[in-house]
Asks: 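Could you have a look at this structure, given as structure tokens, before my questions?
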Amino acid sequence: MASLQASSLMFFSSSSCCCSSRRVNVNAAISLPKLPKIRFSTPKTIISSRDLGLTNPILIEKIVPSTMIQEHGNEEEGAQQNIRKLTAQLYAILEAVCDRVEMHRNLAEQRDNWNTLLLNSINMITLTAATMAGVGGGASLLALKLSAALLFSAATGMMVVVNKIQPSQLAEEQRNAVRLFKQLQREIETVLAIRIPCEEDVEEAMEKVLALDRAYPLPLLGNKMIEKFPKTFEPAVWWPSKRFQRANVGREMTKQNNGWSDQEVEMEMREVVQVLKTKDREDYERLGNLILKTNKFLAISGPLLTGIAAIGSCAGSPSWAAAAGALATVVNTFEHGGQLGMVLEMYRNCAGFFMLLEESIESTVDESEVEKRENGEMFEMKVALKLGRSLSELRDLARKSSYSHIEGTQVGEFASKLF
């Protein structure tokens, strides 16, 4: 048995050796000489997926001619330089806007302090003069009469100046300027955060800054200061006259016809404009004219009464001087303590807000090409938020307005629920 196994192992080993020797002979018979490797130099460029408009950061190799590489590189470099230039310009405007915010905030605090200090000072001077005029009725107290006359004269001059500049209205102007410059600051920061700025963004930001500078000037006297007593009430205008329209960039966020697929949204916006004109803005203009007339009357009455008191104290009429001085104190307190100038400026700002909203809606709806409009659903939501309403409430308001036209009546509610 052992001899049989040994013989079989010898047989398998000899057969394997024969097979391996045959394989070596065959390989040696068909082996060919190795040819030298020839390398062709072809220019390659690595184009990132960002250059192709893709979102994933994948590097894609493309074999392109050298002329195409140079042209692509020049165009890309020029586009990048233009983007950097526009971004730098927008950041420069943003820095100027931030500086104006601080400047107007400081002036608002300063002019609010003016109103308080001048109000208290004039009232104390007037009451002191009235007391001195009442006490110094006899001929032996001539010094009190002259002192009262001088104090009344000083109060008259101070009232004229204060009524001319209206410190409470000046403070409200600066507070509105701070709010609007902050709003512009957030708009610029949003543009820089969500997309690449374009030339229209830079131009629009510049125009808005200059329009705000014209609407809320810093000088107190001269032609640059806002007229405190115009002939008629005029809403504040702080936006540029040029309307900037650009194509919608967020195509993936828009639906068919850019959110203006039917006429319902357009008709709704037109009805909202009609309510704004006939109810909200008209009401604020009526109240603004009332406050303007009242403020004019008080601004004339205060210095007139102190002047009469000064003449009465010198002419030997102490009772008239004291009465006129006390009445002048009441008038001055009602005018500047009640801050009628601030109320007037608040009405101007509210009426201007409604006027801006009307112009924004009309310019958007009147645009014939819907692709150049802002997205309809987004625009409707912005209008509803500005008016303090939900979307359903805004649509109900438009429906009521359309029914009122049919019935020949007027809408019973205002468009804005904020103010």
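For the numbers below, each heavy atom of this structure counts, side chains included, while hydrogens, waters and symmetry mates do not.
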Asks: Under 4.0 Å between a side-chain nitrogen and a carboxylate oxygen: does that hold for Glu109 and Arg105?
Replies: no

Asks: Taking the cut-offs as 6.0 angstrom to the six-membered ring centre and 45 degrees off its axis, would you call Lys279 and Phe414 a cation-pi pair?
Replies: yes

Asks: Indicate yes or no: does Lys382 engage Glu374 in a salt bridge with an N to O separation below 4.0 Å.
Replies: yes

Asks: Taking atom CD1 as the centre, does Ile196 end up with more than 12 heavy-atom neighbours from other residues, nucleotides or ligands that are less than 6.0 angstrom away?
Replies: no

Asks: With under 30° as parallel and over 60° as perpendicular, where do the rings of Phe354 and Phe419 fit, or are they tilted in between?
Replies: tilted

Asks: Look at Lys208 together with Glu204 and state whether they make a salt bridge at an N to O cut-off of under 4.0 Å.
Replies: yes

Asks: Would you call Glu234 and Arg348 a salt bridge, using N to O less than 4.0 angstrom?
Replies: no

Asks: Tell me whether Asp280 is salt-bridged to Lys417, with the criterion being a basic N under 4.0 Å from an acidic carboxylate O.
Replies: no

Asks: In terms of side-chain geometry, is the basic nitrogen of Glu266 or Arg373 positioned less than 4.0 Å from the acidic oxygen of its partner?
Replies: yes

Asks: With a 4.0 Å cut-off, would you call Lys400 and Glu413 a salt bridge?
Replies: yes

Asks: Thinking salt bridges, do Arg100 and Asp213 make one under a 4.0 Å N-O criterion?
Replies: yes

Asks: Would you call Glu173 and Lys228 a salt bridge, taking side-chain N to carboxylate O under 4.0 Å as the test?
Replies: yes

Asks: Locate the shortest heavy-atom distance separating Ala415 from Leu276; write the atom from each residue and the value.
Replies: CB-CD2, 3.6 Å

Asks: Decide ring-ring contact (aromatic ring centres under 6.0 Å, His included) for His104 and Phe181; before the verdict, give the C-alpha distance in whole Å, the side-chain angles of both, and the deciding distance to 0.1 Å.
Replies: CA-CA 9 Å; His104 285 283; Phe181 271 114; 5.4 Å; yes

Asks: For Ser401 and Glu271, run side-chain hydrogen bond (donor to acceptor under 3.5 Å, both in side chains): C-alpha distance rounded to whole Å, both residues' side-chain angles, the deciding distance at 0.1 Å, then the answer.
Replies: CA-CA 6 Å; Ser401 177; Glu271 293 296 335; 2.6 Å; yes

Asks: Test side-chain contact (heavy atoms from CB on, under 4.5 Å) on Ile311 and Phe152 and set out the steps.
Replies: CA-CA 9 Å; Ile311 295 173; Phe152 278 131; over 6 Å; no

Asks: Assess the residue pair Asn106 and Gln110 against the criterion (side-chain contact (heavy atoms from CB on, under 4.5 Å)); give the C-alpha distance rounded to whole Å, side-chain angles, the decisive distance to 0.1 Å, and a yes or no.
Replies: CA-CA 6 Å; Asn106 295 336; Gln110 178 195 59; over 6 Å; no

